[in-house]
Chemist: 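Pasting in a structure now, in C-alpha cells, and then I'll have a few things to ask.
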Amino acid sequence: MLLYLVSCVFGILANSSFAQSIRYSGTDDEVVKEINRLIRQGWQDNEVKPSKTAGDAEWLRRATLDIQGHIPKGSEIEAFLSDKDKEKRRQALIRLIDSPDYMHHMTTVWSNLLIGRINSPFINPAMLRKFLRESFATNRPWNDIVYDLVTAEGHMDESGAANYLLAQLEDDQMNVQATAKTTRLFLGIQVQCTQCHNHPFNDWQQSQFWEFNSFMRQARRIQVRRRDPITERVIESYGELRNQNNIEPNVFFEKRNGLMQVAYPAYFGKPADLSGDNNRRIVFGNILHEDEDKHLARAFVNRMWAQFFGYGFTRPVDDIGPHNPPSHPELLEFLTDKFVSSGYNVKQLMLWITSSEAYQLDSNYSKSNEIDNPAAGETPLFSRMYIKAMTAEQVYDSMLVASQPDDSASLNLEQVQADRNRWLQQFVSTFGTDENDEATTFNGTIPQALMMMNGELINLALAENQTNKLKSILSNAGSSQDAIVKLYLTVLSRNPTRSELNQLKPLMNQHANPRNAMEDLYWALLNSNEFQFVY
C-alpha cells in the first residue's frame with residue numbers, strides 16, 4: 001500500500017511540475033514544423049507519398065500505448081471521438097504526458113533497459129523503480145538522472161540508483177559488462193566491439209573501450225553474506241556499491257600481438273582531467289552531464305524516436321557511429337540541439353515527437369510508399385506508422401484496463417507490480433551474452449497462445465461473480481448492439497464496422513444465453529492480433 005501512496009504523491013508532483021516545465025508555445029510550433037520539413041524532405045528525395053492521417057480512435061490508442069503503456073479506457077475513446085476541438089490531439093498529448101501512468105510506463109521501460117526483469121540477491125529492483133519513478137514524476141533533466149546512475153554508491157535497499165551498476169558488476173572486478181552497458185545505453189555506441197581488437201569499419205581503436213573502462217574500474221559490488229538462523233547455511237544477504245580508490249590507477253590490456261598497453265581515462269579520445277577528484281566515476285558523470293559533443297543527448301533522442309516509431313534513426317538504436325550513419329542526420333542533430341537547449345527536458349522532447357506530422361499517420365500503406373518497409377531491411381522514411389508488437393508489460397496492463405470498469409478505484413500498485421512480475425516470468429528468455437540480454441516478445445508460441453486464451457487474466461475478465469468490465473457493460477447496455485459497441489471500444493479502442501455489426505447482431509440475438517454470447521465475443525477480441533499490436 002505504501003507504493004500506492006507514493007505513486008499518488010508523485011502523480012500530484014508530476015501534474016504540478018509539468019505545467020511549470022513544459023508549455024506548448026510558438027517555439028514548440030517552430031520545432032514541430034522543422035521536424036515535419038526534414039521528414040518531408042526525405043519523402044521527396046525518395047519519391048514517396050505519406051499514408052493518410054490516422055483516425056482519431058487509432059491515433060489515441062497508439063498515443064496512449066506509447067506514452068502510458070496501455071490501451072485507453074472505452075470512455076476516453078468515446079469522449080475523444082465526440083470532441084470537436086481542432087486542438088484535441090495536442091491537448092490529449094499533454095494530458096497523457098501529464099499523468100501518473102506516463103511515469104509508471106517510463107519507469108518500466110527504463111527499469112527493463114537498466115537491469116532487465118530477472119531478480120538477483122544483490123539488487124533491489126523496487127528501489128531502482130522508485131528512483132526512476134521519482135525522476136520521471138518530477139521531470140528531472142535526463143543528464144541529471146544519468147549522472148546519478150553512473151556515480152551512485154550505497155546499499156541496494158537505500159540507494160535506488162546504485163542498483164543499476166550493482167546489476168552490471170562482475171566478480172572478476174574488471175567491470176567489462178558495466179562499461180559495455182553504460183556506453184550502449186547512454187552514449188549509443190557499442191565499444192564492446194573494440195574490447196579485443198580495433199573496429200573493422202571505422203577508426204575506433206581497441207584502446208577506446210579500455211579508456212571508458214578506466215572510468216568504471218573503481219566500482220565494487222560488496223556481496224554481504226550471513227548465516228541462516230534456521231538452516232545454518234551461509235546465504236547471500238544484500239549488495240552494496242562502493243568506490244575503491246586504492247586500486248591500480250591505470251588499466252592494462254593485451255593487444256592482439258600479445259603486447260600489454262596502458263589505457264588512461266578518456267572520453268572519445270580526449271583525456272579526462274583527474275586532478276580534482278580521485279573518484280573516476282564522478283569525473284565520468286560530470287563529463288556526461290556537461291557533454292559538449294552531445295553524445296548523451298543524441299543517444300537519448302534516437303532511443304525516444306524509436307520508442308514512438310518502432311525504429312530509430314540508426315539500426316540498432318544503440319550503435320551510432322561513422323560505420324552506421326543515421327537515416328535522417330539533419331533531423332537527429334536538430335532534435336539533439338533542441339533537447340540540450342531545453343535542459344534535457346524529457347517531456348518536452350516527447351511532446352515534439354508525438355506532435356509531428358509523421359506520428360499522426362495511418363499504419364496502412366499503398367503503392368506510393370510501399371518501399372518504406374524497414375522490416376524488410378529498407379531505410380525507414382516514416383511515411384507511415386510502423387506496426388509494433390506490444391511488450392509483455394503492455395499486454396498485461398492493457399488486459400487490466402480492458403477488464404476493469406472505467407469508474408473503478410485505483411488499483412494497489414504494489415500488488416499489480418507483484419502480479420505482473422509473476423506473470424511475466426513465463427515469457428522472459430535470458431541469453432548468455434555479456435549483458436544478459438532478454439527477450440519477452442509474444443511470437444505466437446503455443447504456451448503464449450494458451451495463456452492468452454485460458455490464463456488468469458482472461459478468467460478474471462470473464463468471471464461472472466466479479467465486478468468487472470463485462471458485467472458493467474451488460475448491466476448498462478440497452479441492446480445487444482450497444483453491448484457489442486461497448487466491447488469493441490473497451491478492447492480494440494474503436495467502433496465495430498458495419499460489416500462486423502451485421503454479422504454479430506444475429507449471432508448475439510440467437511444465442512440461448514446472451515451473457516455467454518458476449519463472453520465469447522469478449523474472449524475473441526482479447527485474443528485477436530488487433531488487440532496485441534500497436535498500429
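If you're wondering where the values come from, they're calculated on a predicted model, not measured in any experiment. Numbering starts at 1 and runs along the sequence shown.
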Chemist: Whether Glu333 and Arg298 form a salt bridge (side-chain N of Lys/Arg under 4.0 Å from carboxylate O of Asp/Glu) is what I want to check.
Modeler: yes
Chemist: Counting C-beta onward and ignoring hydrogens, is there a side-chain heavy-atom pair between Trp210 and Thr179 closer than 4.5 Å?
Modeler: no
Chemist: Step through the shown structure and confirm whether more than 12 heavy atoms of other residues, nucleotides or ligands are within 6.0 Å of NZ on Lys338.
Modeler: no
Chemist: Give a yes or no on whether the backbone of Phe122 and the side-chain of Gln223 come within a donor-acceptor separation of less than 3.5 Å.
Modeler: no
Chemist: Indicate whether the side chain of Tyr267 and that of Asp293 have a donor and an acceptor atom separated by less than 3.5 Å.
Modeler: no
Chemist: Tell me whether the rings of Phe136 and Trp142 are parallel (<30°), tilted (30 to 60°) or perpendicular (>60°).
Modeler: parallel
Chemist: Heavy atoms, side chains only, cut-off 4.5 Å: are Asp291 and Asn143 in contact?
Modeler: no
Chemist: Quick one: does Val534's side chain get under 4.5 Å of Tyr386's, heavy atoms only?
Modeler: no
Chemist: Determine yes or no for a side-chain-to-main-chain donor-acceptor pair under 3.5 angstrom, with Arg62 supplying the side chain and Tyr359 the backbone.
Modeler: yes
Chemist: Can you name the closest pair of heavy atoms from Ser398 and Gly69 and give their distance?
Modeler: OG-O, 4.5 Å
Chemist: Closer than 3.5 angstrom, by distance alone: can the side chain of Asn213 be matched with the main-chain N or O of Met174 as a donor-acceptor pair?
Modeler: yes
Chemist: With sequence neighbours left out, what residues match Arg140 under salt bridge (Lys or Arg N to Asp or Glu O under 4.0 Å)?
Modeler: Asp148
Chemist: Quick one: closest heavy-atom pair of Ala297 and Tyr344, and the distance?
Modeler: CB-CE2, 3.8 Å
Chemist: Between Asn139 and Asn345, does any side-chain donor sit less than 3.5 Å from a side-chain acceptor?
Modeler: yes
Chemist: Give a yes or no answer on whether the side chain of Arg221 reaches the backbone of Leu169 with a donor-acceptor pair at less than 3.5 Å.
Modeler: yes
Chemist: Please tell me if the side chains of Gln68 and Asp397 come closer than 4.5 Å, counting only heavy atoms from C-beta onward.
Modeler: no
Chemist: Can you list the steps and then say if Phe531 with Ile71 is a side-chain contact (heavy atoms from CB on, under 4.5 Å)?
Modeler: CA-CA 9 Å; Phe531 174 73; Ile71 61 173; 3.9 Å; yes
Chemist: Would you say that Leu296 contacts His289 through its side chain, given a criterion of any heavy-atom pair below 4.5 Å between the two side chains?
Modeler: no
Chemist: Is Lys388 reaching over with its side chain to a backbone N or O of Tyr311, donor-acceptor style, under 3.5 angstrom?
Modeler: no
Chemist: Which value, rounded to the nearest 0.5 Å, describes the distance between Leu166 atom CG and Arg242 atom CZ?
Modeler: 11.0 Å
Chemist: As an exercise, state the distance from OG1 of Thr314 to CG of Asn302, rounded to the nearest 0.5 Å.
Modeler: 4.0 Å
Chemist: Can you see which heavy atom on Pro141 is nearest to which on Gly343, and at what distance?
Modeler: CB-O, 3.3 Å
Chemist: Nearest 0.5 Å, please: how far is CD1 in Ile94 from NZ in Lys347?
Modeler: 11.0 Å
Chemist: Quick one, Ile67 with Ile97, criterion side-chain contact (heavy atoms from CB on, under 4.5 Å). Give me CA distance, side-chain angles, the key distance, then yes/no.
Modeler: CA-CA 7 Å; Ile67 296 173; Ile97 298 174; 4.0 Å; yes
Chemist: Just by distance, no angles: are the side chains of Gln307 and Asp66 close enough, under 3.5 Å, to form a donor-acceptor pair?
Modeler: no
Chemist: Would you say that Leu38 contacts His328 through its side chain, given a criterion of any heavy-atom pair below 4.5 Å between the two side chains?
Modeler: no
Chemist: Mind telling me whether Phe339 and Phe300 have parallel, tilted or perpendicular rings, with 30° and 60° as the class edges?
Modeler: parallel
Chemist: For a side-chain contact (heavy atoms from CB on, under 4.5 Å) check, start with the C-alpha distance between Lys73 and Thr64, then their side-chain angles and the critical distance, and finish with the verdict.
Modeler: CA-CA 10 Å; Lys73 296 177 180 179; Thr64 306; over 6 Å; no
Chemist: Give the minimum heavy-atom separation between Leu128 and Ala161, together with the two atoms involved.
Modeler: CD1-CA, 4.4 Å
Chemist: Is any side-chain heavy atom of Leu274 closer than 4.5 Å to one of Arg280?
Modeler: yes
Chemist: How far apart are the C-alpha atoms of Phe186 and Tyr164, what are their side-chain angles, what is the distance that settles it, and do they pass the ring pair (Phe, Tyr, Trp, His ring centres under 6.0 Å) test?
Modeler: CA-CA 13 Å; Phe186 303 134; Tyr164 162 61; 5.7 Å; yes
Chemist: Report the residues that fulfil side chain to side chain donor-acceptor pair (under 3.5 Å) with Asp101, sequence neighbours left out, ordered by chain and then residue number.
Modeler: His70
Chemist: Considering non-hydrogen atoms only, spot the tightest contact between Phe215 and Ala266 and give its length.
Modeler: CE1-O, 3.4 Å
Chemist: Assign the ring pair Phe268 / His295 to parallel, tilted or perpendicular, where the plane angle (0 to 90°) is split at 30° and 60°.
Modeler: parallel
Chemist: Please report the closest heavy-atom contact between Ala219 and Arg281, naming both atoms and the distance.
Modeler: CB-NE, 3.6 Å
Chemist: Pairing donors with acceptors under 3.5 angstrom, does anything connect the side chains of Asn175 and Gln168?
Modeler: no
Chemist: From Ile115 CD1 over to Trp110 CH2, what is the distance, rounded to the nearest 0.5 angstrom?
Modeler: 13.5 Å
Chemist: Could you grab the distance from atom CG of Asn279 to atom OG1 of Thr151, nearest 0.5 Å is fine?
Modeler: 7.5 Å
Chemist: For Glu34 and Trp352, run side-chain contact (heavy atoms from CB on, under 4.5 Å): C-alpha distance rounded to whole Å, both residues' side-chain angles, the deciding distance at 0.1 Å, then the answer.
Modeler: CA-CA 10 Å; Glu34 183 63 8; Trp352 289 334; over 6 Å; no
Chemist: I'd like to know if the side chain of Asn163 and the backbone of Met156 have a donor-acceptor N/O pair within less than 3.5 Å.
Modeler: yes
Chemist: Donor-acceptor pair, distance only, cut-off 3.5 Å: does the side chain of Ser403 make one with the backbone of Leu400?
Modeler: yes
Chemist: Between CG of Asp318 and CD of Gln190, what distance do you get to the nearest 0.5 Å?
Modeler: 4.5 Å
Chemist: Between the main-chain N or O of Gly377 and the side-chain N or O of Arg315, is there a donor-acceptor pair closer than 3.5 Å?
Modeler: yes
Chemist: Counting N and O atoms only, with roles assigned by atom type, does the side chain of Ser159 sit under 3.5 Å from a partner on the main chain of Glu153, one being a donor and the other an acceptor?
Modeler: yes
Chemist: Are there more than 12 heavy atoms of other residues, nucleotides or ligands under 6.0 Å from atom CD of Glu158?
Modeler: yes
Chemist: Where the side chain of Ser356 meets the backbone of Ile353, is there a donor-acceptor pair that is under 3.5 Å apart?
Modeler: yes
Chemist: Below 4.5 Å, heavy atoms only, C-beta onward: do Leu113 and Arg303 meet side chain to side chain?
Modeler: yes
